[in-house]
Amino acid sequence: MLDIRLIRANPDRYKQGLSRKQSNPGLIDELLMADDAWRSHLVEVERLKSVRNRTSEEISRMKKQGQDATQAIAEMKSVGEQIKELDEQVKDLEARVHNLLLEIPNIPHESVPDGLSEEENALVRFWGDLPKFDFAPRHHWEIAQDLDIVDFERAVKITGSRFVLYKGLGAKLERALANFMLDYHIAHHGYTEMFPAFIANEESLIGTGNLPKFGDEMFKLEGLPYYLIPTAEVPLTNYHRDEILSAAQLPVKYAGYSASFRSEAGSAGKDTRGLIRVHQFQKVELVKLVSPETSYDELESLVEDAAKILEALDMPYRVIEICTGDLGSKETKKYDLEVWLPAQQRYREISSCSNFEDYQARRANLRFRRDESAKPEYVHTLNGSGVAVGRTIAAILENGQQADGSVKLPKALIPYMGVETLAKGK
RNA sequence: GGAGUGAUGGCCGAGUAGGUCGAAGGCGCUCGCCUGCUAAGCGAGUAUACGUCACAAGCGUAUCGAGGGUUCGAAUCCCUCUCACUCCGCCA
């Protein structure tokens with residue numbers, strides 16, 4: 001949610017921001033019109049209420065003195081009716097303004113490169129050497145099936161398409177990666193481990209910006225105002241919703257492992273095989289609440305925190321900066337980490353790190369005080385995957401595959417796995 | 001699932017025959033005074049949001065879980081809902 005006062009003061013800045021993002025700048029005019037109407041109605045109804053308050057006091061006084069107040073009471077009755085009518089209009093207009101504010105996207109930071117689509121995302125850097133194979137590298141789903149560590153068919157039987165079931169060392173690998181990533185962030189990056197519920201209520205989803213616009217991207221629980229979380233960003237960011245933190249607490253840094261549920265509406269036909277795009281996947285999510293002036297530095301370090309996982313696993317990756325046209329609705333600036341998948345001969349997103357500035361904080365009423373007597377200010381929120389476990393498994397299988405069909409595991413995982421390779425029949 | 005109790009300001013806690021109640025009192029906090037130090041004591045102050053406006057002062061409006069109703073007027077009366085807690089049942 002943007003700051004209505006700032007929009008009033010400088011509408012053009014916001015229109016330009018929305019235009020850069022390939023979003024509709026007309027929303028700003030729509031908002032300002034509704035806001036204008038709301039304010040003028042509010043002034044009028046408050047004037048009437050003021051009259052009523054004063055007269056009611058007067059009536060009280062008259063009655064105590066035994067005077068006749070019939071006339072004043074009659075007058076106030078009609079004023080009361082006017083107030084009731086106007087109040088309703090004010091309420092409607094207010095809701096309209098509020099709803100528009102909830103739907104208007106965040107605007108890009110000035111440093112974000114302009115661009116129309118993902119084609120124009122900017123390459124920041126590469127890391128690692130691409131593996132060389134003296135055979136045609138196979139896709140991760142082929143390797144996984146061959147090793148019998150992921151069962152795609154039976155997962156479909158049990159649930160449906162785009163669900164997977166990890167088995168044997170595959171299941172252990174999933175668990176090992178979660179432990180490894182959490183241990184790493186806690187030991188080296190100063191995050192506090194969190195394990196949230198995988199279901200969140202509507203307030204929380206509004207807080208992070210998933211509602212009201214993106215309800216169809218989530219699974220809703222029938223008959224309940226609850227959703228399966230699309231990411232642990234939701235519970236971790238909402239953890240301090242409606243709270244005022246002290247400056248000394250900042251930056252707050254949480255690392256949470258959870259399942260993430262995506263309806264994948266609109267992605268029919270894309271990545272229909274393997275582990276890349278499924279309805280439920282696990283990841284470790286990093287969330288930071290920081291003071292505003294530090295948020296862009298914190299974004300850089302967030303990217304580094306996520307990248308260190310891939311480096312520790314020796315997975316080649318690149319960092320790209322998302323251009324204005326490819327930015328999501330909520331973020332002001334975003335970097336993606338993309339891991340190399342040899343069979344596809346391309347990099348695939350494995351982490352997405354964003355700064356939201358106060359867009360989520362305003363929705364979630366998430367504030368801090370610089371000192372005891374200072375007025376509360378909104379924090380800036382950031383989050384990034386650190387990283388997605390399923391896609392990491394895909395990367396490990398493809399990058400570590402050997403000619404004999406086995407997979408060499410990254411050194412860092414060996415203590416967690418108890419074996420050095422994944423081989424048939426184990 | 002059944003039965004019950006409750007929801008007031010940062011915290012505790014008054015306040016129901018509706019009328020200066022934004023709300024007593026206490027604690028906490030801030031500033032000042034006093035005081036070998038500390039503690040105690042004394043004095044003053046201490047909610048938030050929105051609108052108007054210069055995001056100043058001032059003024060106005062709203063807020064006693066939420067929403068609605070009755071009334072000239074509601075923390076106080078009526079209705080609906082939510083949440084918390086307790087006991088019972090069930091259960092990992």
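Convention: sequence-line order gives letters A, B, ...; per-chain numbering from 1. Keep in mind the model is a prediction, meaning the values are calculated, not measured. Scope of the values below: all heavy atoms of this structure, side chains included, with no hydrogens, waters or symmetry mates.
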Length of the [atom1]-[atom2] vector between [X] and [N], whole Å:
| X | N | atom1 | atom2 | value |
| --- | --- | --- | --- | --- |
| A:L48 | B:C72 | CG | C1' | 14 Å |
| A:E57 | B:G73 | CD | P | 14 Å |
| A:R47 | B:U61 | CZ | P | 12 Å |
| A:K49 | B:C59 | NZ | C1' | 17 Å |
| A:L93 | B:U61 | CG | P | 21 Å |
| A:I59 | B:G18 | CD1 | C1' | 14 Å |
| A:I83 | B:A74 | CD1 | C1' | 15 Å |

Discussion item. Taking the six-membered ring for Trp, are A:H279 and A:F261 closer than 6.0 Å centroid to centroid?
Written reply: no
Regarding [X] and [Y], do their side chains bring together a donor and an acceptor under 3.5 Å, going by distance alone?
| X | Y | value |
| --- | --- | --- |
| A:R241 | A:N238 | yes |
| A:N201 | A:S204 | yes |
| A:S301 | A:K288 | yes |
| A:E85 | A:Q89 | no |

If we take the [atom1] atom in both [N] and [M], what is their distance in whole Å?
| N | M | atom1 | answer |
| --- | --- | --- | --- |
| B:A62 | B:A66 | P | 15 Å |
| B:C81 | B:C88 | C1' | 25 Å |
| B:G58 | B:C42 | C1' | 33 Å |
| B:C85 | B:C27 | C1' | 24 Å |
| B:U35 | B:A24 | C1' | 32 Å |
| B:G51 | B:G45 | C1' | 27 Å |
| B:G32 | B:A74 | P | 43 Å |
| B:C21 | B:A17 | P | 16 Å |

Once you apply the 3.5 Å cut-off to both distances, tell me the Watson-Crick or G-U wobble partner of [N], or none.
| N | value |
| --- | --- |
| B:A23 | none |
| B:U70 | none |
| B:G6 | B:C83 |
| B:U46 | B:G28 |
| B:C55 | none |
| B:C91 | none |
| B:U35 | none |
| B:A40 | none |

Discussion item. Applying side chain to side chain contact (heavy atoms under 4.5 Å, CB included) to A:H185 and A:V284, what does each step give before you reach the verdict?
Written reply: CA-CA 10 Å; A:H185 289 306; A:V284 169; 4.1 Å; yes
Worksheet entry | Evaluation steps, side chain to side chain contact (heavy atoms under 4.5 Å, CB included), between A:R277 and A:R162 | CA-CA 7 Å; A:R277 194 177 300 277; A:R162 289 193 192 276; 3.6 Å; yes
What's touching nucleotides 63-71 of chain B from the protein side, N or O pairs under 3.5 Å?
| residue | atom | partner | partner atom | Å |
| --- | --- | --- | --- | --- |
| B:G68 | OP1 | A:K91 | NZ | 2.9 |

Fill in: A:T55 or A:R369, whichever maps to the more 5' nucleotide of RNA chain B
A:R369
Discussion item. So, OP1 or OP2 of B:U61: does either fall under 4.0 Å of a side-chain N or O from A:S50?
Written reply: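 Checking A:S50 against B:U61: at least one side-chain N or O falls below 4.0 Å of OP1 or OP2.
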Worksheet item: Do any side-chain nitrogens or oxygens of A:N53 fall under 4.0 Å of OP1 or OP2 in B:A62?
Response: yes
Worksheet item: Under the criterion side-chain contact (heavy atoms from CB on, under 4.5 Å), which of A:I350, A:I309, A:L413 is the partner of A:T392?
Response: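 Single pass found, and it is A:I350.
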Discussion item. Is any side-chain heavy atom of A:R20 closer than 4.5 Å to one of A:D114?
Written reply: yes
Worksheet entry | Check: A:Q280 and A:S260 side chains under 4.5 Å, non-hydrogen atoms |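 No, every pair of side-chain atoms sits at 4.5 Å or beyond.
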Practice prompt. Quick one, give me the B/S/- string for nucleotides 49-57 of chain B, reading 5' to 3', where B means a protein heavy atom under 4.0 Å from the base and S means that only happens at the primed atoms, P, OP1 or OP2.
Written response: -SSS-----
Worksheet item: Between A:V379 and A:V290, is a side chain to side chain contact (heavy atoms under 4.5 Å, CB included) present by the stated rule, with each step listed?
Response: CA-CA 6 Å; A:V379 300; A:V290 308; over 6 Å; no
